[in-house]
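Just the heavy atoms: all of them, side chains too, but no hydrogens, waters or symmetry mates, feed the values below. One is the number of the first residue; the rest follow in order along the sequence.
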Amino acid sequence: MMSFRESKTESMAPDTRRSGVVVGLRKTTTSEVYDLTSNKRRWVVGSGPSCDVSIEDPFVSAIHCLIERKPGGSLVVRDRESRNGTFVDGNAIEAAELRVGSYISVGRTTLVAVGATGGERPRALELMRGHDPAMRMTIEQALRAAQGDCNVLIVGETGTGKDLLARVVHEASRRASAPFVPVNCGAIPRELIASELFGHEKGAFTGAHETRDGYFVEAGNGTLFLDEIGELPIELQPNLLRALESKRVRRVGGSADRPVDARIIAATNRVDGLGTESSRLRLDLYHRLATVVLSLPPLRERMTDVTELVQSMLDELEVEHGRRTVTDEAWRALTTYSWPGNVRELRHAVARAVALGGDELATLDFFPDHGFGRQRTHGTPAPELASLAPYEAMIRSAMETALQAHGSIRSAAASIGMPKSTFSDRARAWGLAPKRKPRLRLFKR
């Protein structure tokens, strides 16, 4: 078994669930892939015949959106004032980075970004940082669980590195040479979940022009990682349970079952009531998944790792941006802030500071004051903002402004690019959730 004594803890990859370079777009209803590997810097997406990605869909504009490759190789999707909008992972966007596994919805067509296969990349255990005892224990348990073949459930807050821990289990197992297939259950359009997981037959539904295998078959005898399993609609969970119990799946519209042999690793940040009838995850499905439960501690419970994490991030960014130092005041702010977004939020703060700050990074480089929600008649923040850390206050004010402008949590979350579940949780915690209007009852005379 691999030893953890020389390794470090926590994710240093920005989003390992979606690591890699996007090389194409695949229609979710077929196996057709639009190639994005040429030397071109821009692709036009629309229903027009001259488009680089030409889609036959009456609800897609002639020029719907653009995909542009940035100097570093990453891709950005930009809406071109289309009739019905462009959506990435369910959120309406003006511009958004396109990552491996992202879903682009244009009209009634959904495209998934696919990455290059093969190629060497660092092992998951090599991407870990920190020496907190609780995290070390979790990694040790993961390495022990990898030696068996049981299902694993990883629980932890958003941004704690659940996706990276799943890779640790896979790479330390006997299935390491087989595929590791990550699936974000919360990002798949609701009507396509069964098709994406189990596959579909040609003609099973409108737009299903070809027979296609789902993720269970794609994983083969490797590992299927079901991220955000708590976002799976409750009415579809019995189908997943049946597949786990029988190790057989049936394509949508099919009449025969197919055997599958993938190991299942699931992850959720929905820990409230987990393992009880009040959970969003069915109790029978929970018991099927939770043979081994690995719990990742939030960053606020291992603050001794923050200094090492930040320094490692700065070292990683030094190649592109040059050497940066941090003032003593900024170090105090970094090591006392609670980091509700965990390591992912920390990475974003460091990347922003390096991109916009000078050679010496100060507190405001990590926690900029954008003035969201600032009162027009007073220079001091509202009392409820004063008790929050600068970055939390900025997020709260942005959320409050978005709610005032859009009215609903779904629309407000989409307008600032925040997942609906994260927006809802924070709105509830900070007292921002809009009050429901009482229903009017009509009585017959």
Could you tell me whether a side-chain N or O of [X] sits under 3.5 Å from a main-chain N or O of [Y], the two making a donor and an acceptor?
X: Lys162; Y: Gly156; result: yes
X: Ser47; Y: Ile55; result: no
X: Gln237; Y: Leu232; result: yes
X: His64; Y: Arg83; result: no
X: Arg324; Y: His321; result: yes
X: Thr110; Y: Ser105; result: no
X: Arg175; Y: Asn221; result: yes
X: Glu68; Y: Trp43; result: no
X: Asp89; Y: Ser102; result: no
X: Ser54; Y: Gly48; result: yes

Contact summary for [X] and [Y], nearest pair of heavy atoms:
X: Arg352; Y: Asp365; value: NE-O, 4.1 Å
X: Pro297; Y: Asp132; value: CG-OD2, 4.5 Å
X: Ala187; Y: Tyr103; value: O-CD1, 3.7 Å
X: Pro179; Y: Ala219; value: CD-O, 3.7 Å
X: His200; Y: Ala208; value: CD2-CB, 3.8 Å
X: Cys65; Y: Val77; value: SG-CG1, 4.2 Å

Item to complete: Decide yes or no on ring pair (Phe, Tyr, Trp, His ring centres under 6.0 Å) for Tyr337 and Phe366, but give the supporting numbers first.
Response: CA-CA 11 Å; Tyr337 176 50; Phe366 294 98; over 10 Å; no
Worksheet item: Mind checking whether His170 and Phe180 have parallel, tilted or perpendicular rings, split at 30° and 60°?
Response: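 His170 and Phe180: tilted rings.
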Practice prompt. Walk me through it: do Asp305 and Arg302 pass the test side chain to side chain contact (heavy atoms under 4.5 Å, CB included)?
Written response: CA-CA 6 Å; Asp305 286 341; Arg302 55 187 197 97; 2.6 Å; yes
Worksheet item: Does the cation-pi check pass for Arg251 over Phe198, that is, NZ or CZ under 6.0 Å from the six-membered ring centre and within 45° of its axis?
Response: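 No - Arg251 does not lie over the ring of Phe198 by the 6.0 Å and 45° rule.
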Practice prompt. Can you sort out the partners of Arg248 under salt bridge (Lys or Arg N to Asp or Glu O under 4.0 Å), two or more places apart, ordered by chain and number?
Written response: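 With neighbours one apart ignored, the set is empty.
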Worksheet item: Mind checking what makes salt bridge (Lys or Arg N to Asp or Glu O under 4.0 Å) contact with Arg258, not counting sequence neighbours?
Response: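 Applying salt bridge (Lys or Arg N to Asp or Glu O under 4.0 Å) to Arg258 gives Asp213.
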Item to complete: Tell me, please, which residues at least two apart from Glu360 pass side-chain hydrogen bond (donor to acceptor under 3.5 Å, both in side chains).
Response: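 Result, side-chain hydrogen bond (donor to acceptor under 3.5 Å, both in side chains) vs Glu360: none returned.
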Discussion item. According to side-chain hydrogen bond (donor to acceptor under 3.5 Å, both in side chains), who are the partners of Arg323, at least two apart in sequence or on a separate chain?
Written reply: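 Testing Arg323 for side-chain hydrogen bond (donor to acceptor under 3.5 Å, both in side chains), a comparison that skips the adjacent residues, returns Asp315, Glu318.
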Worksheet item: Is the number of heavy atoms from other residues, nucleotides or ligands under 6.0 Å of Glu56 CD greater than 12?
Response: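 No, not enclosed.
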Worksheet item: More than 12 non-hydrogen atoms from neighbouring residues, nucleotides or ligands closer than 6.0 Å to CD on Gln311, yes or no?
Response: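 Check passes, neighbour count above 12.
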Hey, does [Y] have a side-chain heavy atom less than 4.5 Å from the side chain of [X]?
X: Leu299; Y: Val306; result: yes
X: Asn151; Y: Ile265; result: no
X: Ile104; Y: Leu25; result: yes
X: Leu346; Y: Leu309; result: yes
X: Asp149; Y: Arg174; result: yes
X: Val217; Y: Val260; result: yes

Hey, what do you get for [atom1] ([X]) to [atom2] ([Y]), rounding to the nearest 0.5 Å?
X: Ile154; Y: Leu165; atom1: CD1; atom2: CG; result: 4.0 Å
X: Leu240; Y: Ile229; atom1: CG; atom2: CD1; result: 5.0 Å
X: Leu153; Y: Leu294; atom1: CG; atom2: CG; result: 8.5 Å
X: Leu334; Y: Glu329; atom1: CG; atom2: CD; result: 10.5 Å
X: Asn184; Y: Asp227; atom1: CG; atom2: CG; result: 5.5 Å
X: Ile188; Y: Ile193; atom1: CD1; atom2: CD1; result: 6.0 Å

Discussion item. Could you go through Glu228 and Arg280, starting from their C-alpha distance and side-chain angles, then the distance that decides it, and tell me whether this counts as salt bridge (charged side-chain N to carboxylate O under 4.0 Å, His left out)?
Written reply: CA-CA 11 Å; Glu228 305 297 351; Arg280 294 181 59 172; over 6 Å; no
Any Lys/Arg nitrogen of [X] or [Y] sitting under 4.0 Å from an Asp/Glu carboxylate oxygen of the other?
X: Arg80; Y: Glu94; value: no
X: Arg270; Y: Glu231; value: yes
X: Arg69; Y: Glu97; value: no
X: Arg250; Y: Asp257; value: yes

Discussion item. Side chain to side chain contact (heavy atoms under 4.5 Å, CB included), that's the test. Do Thr223 and Val181 meet it? Break it down for me.
Written reply: CA-CA 6 Å; Thr223 300; Val181 178; over 6 Å; no
Worksheet item: What pairs with Ser295 under side chain to side chain contact (heavy atoms under 4.5 Å, CB included), at least two apart in sequence or on another chain?
Response: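 Residues passing side chain to side chain contact (heavy atoms under 4.5 Å, CB included) with Ser295: Val155.
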Discussion item. Enumerate the salt bridge (charged side-chain N to carboxylate O under 4.0 Å, His left out) contacts for residues 43-54, please, sequence neighbours excluded, ordered by first and then second residue.
Written reply: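 The answer is Lys40-Asp52.
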Practice prompt. For Asp79 and Ser82, run side chain to side chain contact (heavy atoms under 4.5 Å, CB included): C-alpha distance rounded to whole Å, both residues' side-chain angles, the deciding distance at 0.1 Å, then the answer.
Written response: CA-CA 7 Å; Asp79 184 69; Ser82 57; 2.7 Å; yes
Discussion item. Between Phe225 and Val183, does the side chain to side chain contact (heavy atoms under 4.5 Å, CB included) criterion hold? Intermediate values first, please.
Written reply: CA-CA 6 Å; Phe225 175 47; Val183 180; over 6 Å; no
Item to complete: Check whether the side chains of Glu308 and His131 place a donor and an acceptor atom closer than 3.5 Å, and report yes or no.
Response: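 Glu308 vs His131: donor-acceptor pair found between side chains.
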Item to complete: Please check if any side-chain donor atom of Glu157 sits under 3.5 Å from a side-chain acceptor atom of Asn342, or the reverse.
Response: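 Yes, side-chain donor-acceptor contact under 3.5 Å.
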Worksheet entry | Check against ring pair (Phe, Tyr, Trp, His ring centres under 6.0 Å), Phe423 and Trp430 | CA-CA 10 Å; Phe423 192 104; Trp430 289 338; 9.6 Å; no
Practice prompt. Check step by step if salt bridge (charged side-chain N to carboxylate O under 4.0 Å, His left out) holds for Glu196 and Arg212.
Written response: CA-CA 9 Å; Glu196 290 290 282; Arg212 180 180 170 272; 3.3 Å; yes
